[in-house]
Asker: 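This is the structure I want to talk about, given as structure tokens.
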Amino acid sequence: MADAATASEVRDVGRRAYAVEAGLIGFAGIPALRESLEEMRAQPLRWLGAVTGSGRVAAFVAWREPSGKPDGEPGEKTGEEAVVDVHRVCVDPPWFRRGLASRLLRHLLDELAPEHDVVVSTGAHNRPAVALYRRLGFVRVGGFEPVPGVPVTRFRLTRRTGTG
């Protein structure tokens with residue numbers, strides 16, 4: 001994201017992907033649809049992308065690294081480890097249904113954060129995203145309404161098999 005052209009391309013892919021989600025959930029107020037390039041780049045996120053053969057961004061995932069604080073909601077003390085908080089999973093609409101989101105998330109889960117619990121949220125009516133998270137082993141752990149009538153579902157993938 002240090003490269004301005006790449007960051008701009010990521011923002012544009014995200015806007016196209018979130019426009020589709022806005023239609024699925026019936027809510028055009030998704031914050032990422034309105035954020036500036038500077039606001040997006042200022043967030044303390046790590047980014048992983050998939051590019052086409054011609055070098056164009058086709059998909060990406062962005063997450064907040066564990067803060068070193070114990071597990072629970074990101075940054076809150078409730079257990080032994082910190083949690084990875086996935087903030088964005090976006091695929092450019094022409095690249096939908098090609099497994100890019102699954103591959104990016106699997107790389108994050110298996111290679112970059114194999115020992116951490118992972119949380120993610122999506123619009124409850126975003127059936128493709130809900131199905132993706134369930135396929136990857138995430139379990140619904142709650143939900144909320146950021147605005148009345150717009151349910152968001154929160155998922156968690158628990159990586160620890162026991163407590164010491």
Asker: Using side-chain heavy atoms (C-beta onward) and a distance below 4.5 Å, is T52 in contact with W95?
Answerer: yes
Asker: Would a distance-only check, ignoring hydrogens and angles, find a side-chain to backbone donor-acceptor pair under 3.5 Å from E35 to E39?
Answerer: no
Asker: Are E9 and V57 packed together at the side-chain level, in the sense that at least one heavy-atom pair is separated by less than 4.5 angstrom?
Answerer: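 Yes, their side chains come closer than 4.5 Å.
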Asker: Grouping I, L, V, M, F, W and Y whenever their side-chain heavy atoms are under 4.5 Å apart, do V10 and L37 come out in a common cluster?
Answerer: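 V10 and L37: one cluster.
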Asker: Got D117 and L157 here, is their nearest side-chain heavy-atom distance under 4.5 Å?
Answerer: no
Asker: Atom CZ of residue position R56 - does it have more than 12 heavy atoms of other residues, nucleotides or ligands inside 6.0 Å?
Answerer: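 Not buried by this count: 12 neighbours or fewer within 6.0 Å.
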Asker: Should L132 and S102 count as side-chain neighbours, where that means a heavy-atom distance under 4.5 Å?
Answerer: yes
Asker: Does one hydrophobic cluster hold both L112 and V61, with members joined at side-chain heavy-atom distances below 4.5 Å?
Answerer: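 Looking at the clustering, V61 is in the same group as L112.
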Asker: Applying the 4.5 Å side-chain criterion to the ILVMFWY set and letting contacts propagate, would L48 and V118 be lumped into a single cluster?
Answerer: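 The answer is yes; both residues are in one hydrophobic cluster.
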Asker: Can you confirm whether L104 sits close enough to V89 that some side-chain heavy atom of one is under 4.5 Å from a side-chain heavy atom of the other?
Answerer: no
Asker: Identify the heavy atoms of P151 and H125 that sit nearest to each other, and give their distance.
Answerer: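 Of all heavy-atom pairs spanning P151 and H125, the closest is CG-NE2, 3.6 Å.
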Asker: Heavy atoms only: give me the nearest A22-I30 pair and the separation to one decimal.
Answerer: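 Residues A22 and I30, closest heavy atoms: N-CD1, 3.8 Å.
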Asker: Checking side-chain contact (heavy atoms from CB on, under 4.5 Å) for the pair V147/F27: CA distance, chi angles, key distance, verdict?
Answerer: CA-CA 9 Å; V147 296; F27 177 66; 3.5 Å; yes
Asker: Tell me every residue that passes side-chain contact (heavy atoms from CB on, under 4.5 Å) with R16, counting only those two or more places apart in sequence or in another chain.
Answerer: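 D12, V13, D92, P93.
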Asker: Salt bridge check: are E21 and R88 linked by an N-O gap of less than 4.0 Å?
Answerer: no
Asker: Give the C-alpha distance, both sets of side-chain angles, the deciding distance and a yes or no for side-chain contact (heavy atoms from CB on, under 4.5 Å) between R159 and L109.
Answerer: CA-CA 10 Å; R159 309 300 283 258; L109 298 172; 3.5 Å; yes
Asker: If we ignore hydrogens and angles and just use 3.5 Å, is the side chain of R11 paired with the main-chain N or O of S36 as donor and acceptor?
Answerer: no
Asker: Inspect the surroundings of CZ in R134 and state if more than 12 heavy atoms from other residues, nucleotides or ligands are less than 6.0 Å away.
Answerer: no
Asker: Suppose we screen for ring pair (Phe, Tyr, Trp, His ring centres under 6.0 Å). Which residues come up paired with Y133, at least two apart in sequence or across chains?
Answerer: F138, F155
Asker: For residues R41 and A2, report the shortest heavy-atom separation together with the two atoms involved.
Answerer: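 Taking every non-hydrogen atom into account, NH2-O, 2.8 Å.
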Asker: Closest heavy-atom contact between A28 and L33?
Answerer: O-CD1, 3.6 Å
Asker: Over all heavy atoms of both residues, which pair between A124 and V130 is shortest? Give the atoms and the distance, please.
Answerer: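 Taking every non-hydrogen atom into account, O-CG2, 4.0 Å.
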Asker: Does R106 reach the side chain of L136, with side-chain heavy atoms less than 4.5 Å apart?
Answerer: yes
Asker: Run the numbers on W63 and V120 for side-chain contact (heavy atoms from CB on, under 4.5 Å), then give the verdict.
Answerer: CA-CA 9 Å; W63 68 96; V120 65; over 6 Å; no
Asker: Given side-chain contact (heavy atoms from CB on, under 4.5 Å), test L24 with R127 step by step and report yes or no.
Answerer: CA-CA 8 Å; L24 292 172; R127 288 189 178 127; over 6 Å; no
Asker: To the nearest 0.5 Å, how far apart are OH in Y18 and CZ in R34?
Answerer: 12.5 Å
Asker: Any non-hydrogen side-chain atom of V20 less than 4.5 Å from a side-chain atom of F96?
Answerer: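 Result yes, sub-4.5 Å side-chain heavy-atom pair found.
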Asker: Would you confirm whether H116, through its side chain, and A82, through its main-chain N or O, come within 3.5 Å as a donor-acceptor pair?
Answerer: yes
Asker: If you define the side chain from C-beta out and look only at heavy atoms, does anything of M40 sit under 4.5 Å from M1?
Answerer: yes
Asker: Minimum heavy-atom separation for R154 to S121, with atom names?
Answerer: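 Minimum heavy-atom contact is NH1-OG, 2.9 Å.
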